[in-house]
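Note sheet for the following structure.
Keep in mind it's a predicted model, so treat the numbers as computed, not measured. Numbers for residues simply follow the sequence, beginning at 1. Indexing begins at 1, ligand by ligand and atom by atom, following the structure's order.
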Amino acid sequence: MKRIVIVMAMGAEAAPVLERLGAVARASPPSLSFGWYVAERSGCEVVVAVNGRDPRHGVDKIGTQPAALNTYLALEQHRPDLVITAGTAGGWARAGGRIGDVYLSETHFVYHDRRIAIPGYESYGVGSYPAVRADALARVLGLRQGIVTTGNSLDETDDDRRMIAASGASVKDMEGAAVAWVAELLDVPILAVKAITDLVDAHADTVAQFEANLAMASDRLCEALVAVIDWCAPRSVDDLGGLS
Ligand code: SAH
């Protein structure tokens with residue numbers, strides 16, 4: 001692979017990997033306040049596209065709209081061999097999830113908060129955006145795999161819970177499906193790399209878990225991303241799946 005684009009939502013998630021890669025800032029589209037960085041690693045150009053801060057609210061632009069815009073512009077401009085949606089995520093103890101685990105995507109991405117009970121629109125709302133096959137990569141690096149489910153809230157409502165049970169997802173974030181939608185439109189293979197900050201079905205409060213584990217999970221994420229890049233750089237996208 002000659003080029004990989006990594007899309008990330010939060011500055012704190014991106015900081016360790018930007019430092020490790022020695023990435024330098026690159027011009028990004030004006031007025032959108034994205035942070036684009038570039039590095040060379042294992043003979044591969046790595047572009048890290050961070051969603052940046054919201055100028056009105058002064059916080060990171062988490063969620064689907066900034067992720068989709070950032071992904072679209074970064075993919076159009078850089079035309080990578082692979083796009084990675086990387087960040088933190090919620091997991092479930094009932095699915096065997098543990099804080100600090102790193103997951104790769106599996107089969108496809110879905111939404112859990114787009115409920116449209118009009119005939120034909122129901123499955124459009126849930127979505128089903130293909131993830132690149134990554135069984136070989138997961139096996140070699142010892143990472144878990146799970147379906148990524150995306151919504152624009154940090155919490156989980158009863159309706160979300162029902163949707164998530166139906167999809168069988170085990171990784172909950174606020175960007176993955178949006179990045180995957182754009183990747184499918186532009187025909188770029190997509191992989192998720194997500195480190196678990198919180199367990200959705202734990203008794204502890206999600207925000208408290210997230211804040212306590214963000215730095216540790218971002219370090220784990222950094223380790224996994226570097227390993228993924230090193231493995232992918234001398235290979236083709238088909239190699240991620242291994243022999244079928
Ligand atoms: N209060 C936090 C907000 C972070 S929102 C702050 O310090 O700013 C959570 C971010 O991490 C999102 O980008 C999302 O993709 C991911 N995430 C982590 N745990 C999540 C969960 N349980 N549900 C949804 N997204 C989660």
Side-chain angles (χ1 to χ4, degrees), residues 6-17 33-35 48-71 83-95 97-105 109-114 127 129 131 144 146-161 163-165 167 169-182 190-222 224-225:
I6 303 176
V7 183
M8 303 184 78
M10 299 184 71
E13 293 167 336
V17 76
S33 67
F34 299 141
V48 183
V50 186
N51 287 358
R53 287 178 90 74
D54 182 285
R56 177 172 307 138
H57 302 285
V59 296
D60 289 319
K61 295 204 294 290
I62 61 177
T64 57
Q65 293 95 323
L69 262 183
N70 192 14
T71 304
V83 57
I84 298 175
T85 167
T88 58
W92 283 270
R94 61 160 163 71
R98 289 166 310 200
I99 306 278
D101 275 355
V102 178
Y103 280 79
L104 301 182
S105 42
F109 295 76
V110 292
Y111 285 107
H112 56 257
D113 67 348
R114 302 204 319 177
Y129 315 104
R144 310 182 68 163
I147 294 172
V148 176
T149 185
T150 300
N152 271 302
S153 296
L154 182 65
D155 68 1
E156 184 195 49
T157 66
D158 287 342
D159 285 327
D160 297 343
R161 203 167 287 127
M163 303 271 283
I164 291 164
S167 72
S170 51
V171 181
K172 177 172 178 283
D173 80 350
M174 299 173 67
E175 294 85 16
V179 177
W181 172 62
V182 177
I190 178 164
L191 173 74
V193 182
K194 300 278 168 174
I196 303 299
T197 43
D198 52 87
L199 295 175
V200 180
D201 53 356
H203 293 299
D205 174 61
T206 298
V207 175
Q209 292 185 68
F210 177 83
E211 287 173 349
N213 297 316
L214 176 61
M216 178 274 294
S218 300
D219 286 341
R220 294 272 181 93
L221 179 66
C222 168
L225 281 172

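A distance limit of 4.0 angstrom between heavy atoms and ligand 1 selects the residues A9, M10, E13, I62, T88, A89, G90, L154, K172, D173, M174, E175, T197, D198, T206, F210.
Checked against side chain to side chain donor-acceptor pair (under 3.5 Å), D101 has the following partners two or more places apart in sequence or in another chain: R98, R144. Among residues two or more places apart in sequence or in another chain, the side chain to side chain donor-acceptor pair (under 3.5 Å) test is passed with R220 by none.
Taking every heavy atom of both residues into account, K61 and D54 meet most closely at CG-N, 3.5 Å. Between S170 and Y103, the closest heavy-atom pair is OG-CE2, 4.1 Å.
Put simply, the side chain of E175 never gets that close to the backbone of T85: no donor and acceptor are under 3.5 Å apart.
Under the salt bridge (charged side-chain N to carboxylate O under 4.0 Å, His left out) criterion, no residue pair touches residues 195-209, with sequence neighbours excluded.
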